[in-house]
Amino acid sequence: PAVVASAVYLILFEGLRGVYTRFFAPRLPASKDGQYPHPGLFAWVPGILSVPEEEVLHKSGMDACVYLRFVWMSTIIMAVLTVLAFPILSSVYATDDNDKSGLLILGLSNVKQQSNRLWATAFMMWPMSALIYFGIWRTSRDLLELRKKSMKKGDSSHYTIMVTKIPDEYNTADKIQAFLEPSFPNQIAFVTPVLDRKEMTLKVKELQKLSLAHLVAVHKAETSPEPPTTKTGCCGCVGETVEAVPYYKGKADELRGEIREEYPDAEYKNAAFVSFKTVSSAVKASSIQFRDDQTWEITGATQPSDVIWTALTSVPDTATQQGVRMGVSCAIVALNIIWAIPMAAGGALANLEQLGDKYSWLSGVESLPPTLIAIIEGFGPTIWRIILMLLLKPILYALLGITGILETSTLESAFFNKYYMFLLVQIYFVTLVSSSLFAVIGDIIDDPISIFSLLGESVPAVAIEMIQYMLLQGLGLGVGKIVRLVGLILTIFFSKMAVVEYQKEQAMKPPKYTYGSNLATNMLMWTITLCYMSIAPLILPFGFIYFALEYVVQKYQLVYVHVPDFETYGLFWPDVASTAMWALFLSQLATMAIVGLKFGAFQQIVLAPLPFITYFVITYIEETIGTQMRKSMLPLSNAANIDQSRPAPQVENFLASAQELNMWTQPCVWVDLDDPLKPPPDFPEITESKEQKEDLSGESKDRLVRSKKRDDMDDMEMQEQGDVQKGEKDVDVDVKDQNDDQ
């Protein structure tokens with residue numbers, strides 16, 4: 001079924017991408033004229049593979065590059081292991097004789113207790129682990145350099161900090177700037193206090209609805225001999241009948257006046273965005289604490305589109321926030337335990353026929369057609385688990401949303417960690433226990449001493465079920481993302497119903513791209529593949545197929561379909577790399593456990609050092625590359641270098657434009673009240689100067705080494721500094737050092 005579903009999706013995409021060009025490639029400007037990327041039969045596959053990383057970086061940002069790098073790294077590792085490890089291990093396991101048949105002979109289930117073939121398992125884990133160490137370290141190193149390159153582009157967030165929990169007496173921009181001015185004399189460009197715009201947001205949305213209704217009414221009036229009418233009551237269905245054009249225009253003008261009248265009277269919400277004249281000043285400000293009484297909490301600002309304004313306008317005190325987060329953590333743990341019950345019940349479907357023979361209350365299973373039983377046992381557990389995990393997503397998002405997270409990027413990162421743990425527990429551990437234990441529970445009851453040999457055979461056999469899950473996720477749901485079948489049907493329906501061009505554009509608009517959900521699912525596939533790569537190597541080629549398809553589909557989506565809501569410059573990569581390494585750690589422990597069930601004591605001694613080596617590698621990557629990438633702001637030396645390379649008038653114009661466009665306010669303020677359906681303005685950016693590009697492309701190796709040393713020293717100094725004056729001296733020293741180097 002998964003293969004058939006995948007083929008249907010690909011045929012639909014190939015046949016329809018030239019028809020609904022604005023749906024399948026909305027980010028391609030020429031799609032409005034009926035053009036689409038990479039024309040030709042399945043030419044989009046080599047076409048999207050040939051798109052350089054620089055184009056992905058330019059269109060979708062570094063976060064997209066980080067995501068694709070992880071998927072590509074996984075694809076390469078799975079390909080190498082499929083070519084090298086799969087034939088060796090499968091041939092060793094298949095030539096033993098443990099009364100297994102079918103695909104089970106290719107796994108450790110077919111190896112007898114205390115067999116010498118366990119040495120192959122033990123020795124092969126070493127080169128497989130080494131390949132993964134190298135892959136993650138190499139990817140981390142490359143992404144760190146890419147992060148430094150991408151952050152050279154002028155972004156308003158580099159000049160800005162976000163301040164929350166400001167005392168009530170500092171309730172205007174002038175008062176906030178006056179408080180900060182002694183610490184940053186003549187360095188603050190402007191201050192934007194955060195105001196409560198909830199009512200304005202609702203009214204602006206209503207104004208947009210009225211403007212659209214007026215636009216539709218005007219169109220109908222121009223194309224119909226009779227003037228269009230509407231009713232003045234609820235939803236235009238009840239009340240007095242009036243002419244639509246003057247009615248909607250009058251209501252819109254009335255609401256427009258209310259918004260303009262109430263705009264200055266918004267309530268101050270004890271938060272503000274402070275923009276500085278230099279990147280160095282913003283970096284220093286983000287690293288200090290102004291007060292010791294849990295007020296004036298400061299972080300580096302993200303993009304305005306990344307801010308969760310409803311959370312920012314209601315930041316609780318520290319004690320309340322900690323209590324809420326502790327309560328949410330307890331709720332998530334309880335939910336994980338409760339969710340395991342239906343998940344385990346779904347695992348029992350894999351052994352439905354055996355359970356029907358052993359338990360009288362399931363005797364009716366014997367009367368079912370054999371084909372139906374085979375379908376239920378083969379795909380029932382997998383489909384059941386996928387449905388349960390899809391139902392979990394909105395619940396988990398809702399729980400995390402009440403914890404006071406202020407940025408969408410942080411919310412996605414938190415969702416990645418929590419959802420991955422759910423998937424790991426529910427899909428891996430619960431499935432492992434339920435499917436393996438239910439298969440042999442009767443034999444264990446009859447002969448408890450045989451538990452080791454029985455579990456040693458049944459646990460590796462669960463790999464077949466995991467392969468089915470991987471196939472459905474990759475070939476079914478994964479490939480289905482490129483078609484977005486439900487969205488396509490709704491788009492076709494609403495575009496046919498659309499009267500004006502604006503309605504068609506909204507119908508073609510793609511949904512938000514969710515990094516957290518996609519990363520968690522891919523990390524689960526990575527974990528499953530690693531945990532079974534040595535005990536059931538058949539999973540390796542399926543892992544390669546999954547990640548290869550995921551890379552092609554997601555790269556197409558990120559280049560031609562989705563517009564990212566935020567850019568963290570790869571801030572979430574350390575969590576991804578660390579989680580991937582801990583998955584390898586789990587894989588090594590699982591291999592030792594399975595070998596132990598086979599009574600391979602000496603083989604366990606060979607495997608024993610691997611978890612310790614993995615822990616050392618995790619610590620090394622985290623303390624070196626991870627520490628640098630977790631910082632939302634640039635190191636001081638890089639910031640000083642950027643400040644030197646940018647002409648002061650260019651920076652002044654850039655900051656003046658940001659202030660004039662009200663960048664650091666709610667999106668409702670960006671709406672043009674006279675034309676509320678017009679897209680919001682494009683915010684300014686500072687492009688790389690000629691000197692920056694030459695420095696990036698022609699930097700010598702010696703200078704790179706010196707720059708890295710200075711970055712590390714600056715980071716350590718900023719962590720230890722307790723006041724602004726020390727930070728200013730550090731910048732002066734860094735600037736002098738870099739001038740000497742130049």
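Side chains of Thr514 and Glu412: no donor on one and acceptor on the other come within 3.5 Å. Residues Asp63 and Thr568 have side chains that bring a donor and an acceptor to within less than 3.5 angstrom of each other.
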Legend entry - Worked check of side chain to side chain donor-acceptor pair (under 3.5 Å) between Tyr419 and Thr521: CA-CA 8 Å; Tyr419 189 54; Thr521 303; 5.0 Å; no

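The environment of Phe42 atom CZ is dense: over 12 non-hydrogen atoms of other residues, nucleotides or ligands sit within 6.0 angstrom.
Side chain of Glu550 to backbone of Val71: no donor-acceptor contact under 3.5 angstrom is found. Proximity of a side-chain donor or acceptor of Gln603 to a complementary backbone N or O of Leu118 within less than 3.5 Å is not detected. Between the side chain of Ser587 and the main chain of Ala583, no donor-acceptor pair closer than 3.5 Å is present. Judged by distance alone, the side chain of Thr95 and the main-chain N or O of Val92 form a donor-acceptor pair under 3.5 Å. Without hydrogens or angle criteria, Ser413 side chain to Ser409 main chain gives no donor-acceptor distance under 3.5 Å. A donor-acceptor pair is defined here as one N or O able to donate and one able to accept, closer than 3.5 Å; such a pair exists between the side chain of Lys598 and the backbone of Val111. Although no hydrogens or angles enter the test, the distance criterion places no donor-acceptor pair under 3.5 Å between the side chain of Ser140 and the main chain of Ile625. Side-chain atoms of Arg325 come within 3.5 Å of backbone N or O of Thr403 as a donor-acceptor pair. With Gln426 contributing its side chain and Met389 its backbone, the two residues share no donor-acceptor pair below 3.5 Å.
Looking only at side-chain heavy atoms (C-beta outward), Val8 and Val483 stay at 4.5 Å or farther from each other. Contact annotation: the side chain of Ile77 never approaches that of Phe547 to less than 4.5 Å [non-hydrogen atoms, C-beta and beyond]. Using a 4.5 Å heavy-atom threshold, the side chains of Trp126 and Pro609 count as touching. For the pair Val66 and Phe70, the minimum side-chain heavy-atom distance is 4.5 Å or more. Considering only heavy atoms from C-beta on, Phe616 stays 4.5 Å or farther from Tyr133 through its side chain. A 4.5 Å side-chain heavy-atom check between Tyr551 and Ser74 finds every atom pair outside the cut-off. Side-chain contact check for Met125 versus Ser534: some heavy-atom pair is nearer than 4.5 Å.
Centroid-to-centroid, the aromatic rings of Tyr515 and Tyr513 come within less than 6.0 Å. Aromatic rings from His562 and Tyr556 are positioned such that their centres are separated by 6.0 Å or more.
Distance check: Leu597 CG to Ile535 CD1 gives 9.5 Å after rounding to the nearest 0.5 Å. Atom OG1 of Thr410 sits about 8.0 Å away from atom CG of Leu571, to the nearest 0.5 Å. Distance check: His38 NE2 to Leu49 CG gives 9.0 Å after rounding to the nearest 0.5 Å. Atom CD1 of Ile136 is separated from atom CE of Met581 by 5.0 Å, given to the nearest 0.5 angstrom.
Partner Phe415 forms a ring pair (Phe, Tyr, Trp, His ring centres under 6.0 Å) with one of Phe572, Phe422, Tyr397 and no other, that one being Tyr397.
Judged by the 6.0 Å and 45° rule, Arg484 forms a cation-pi pair with Phe23.
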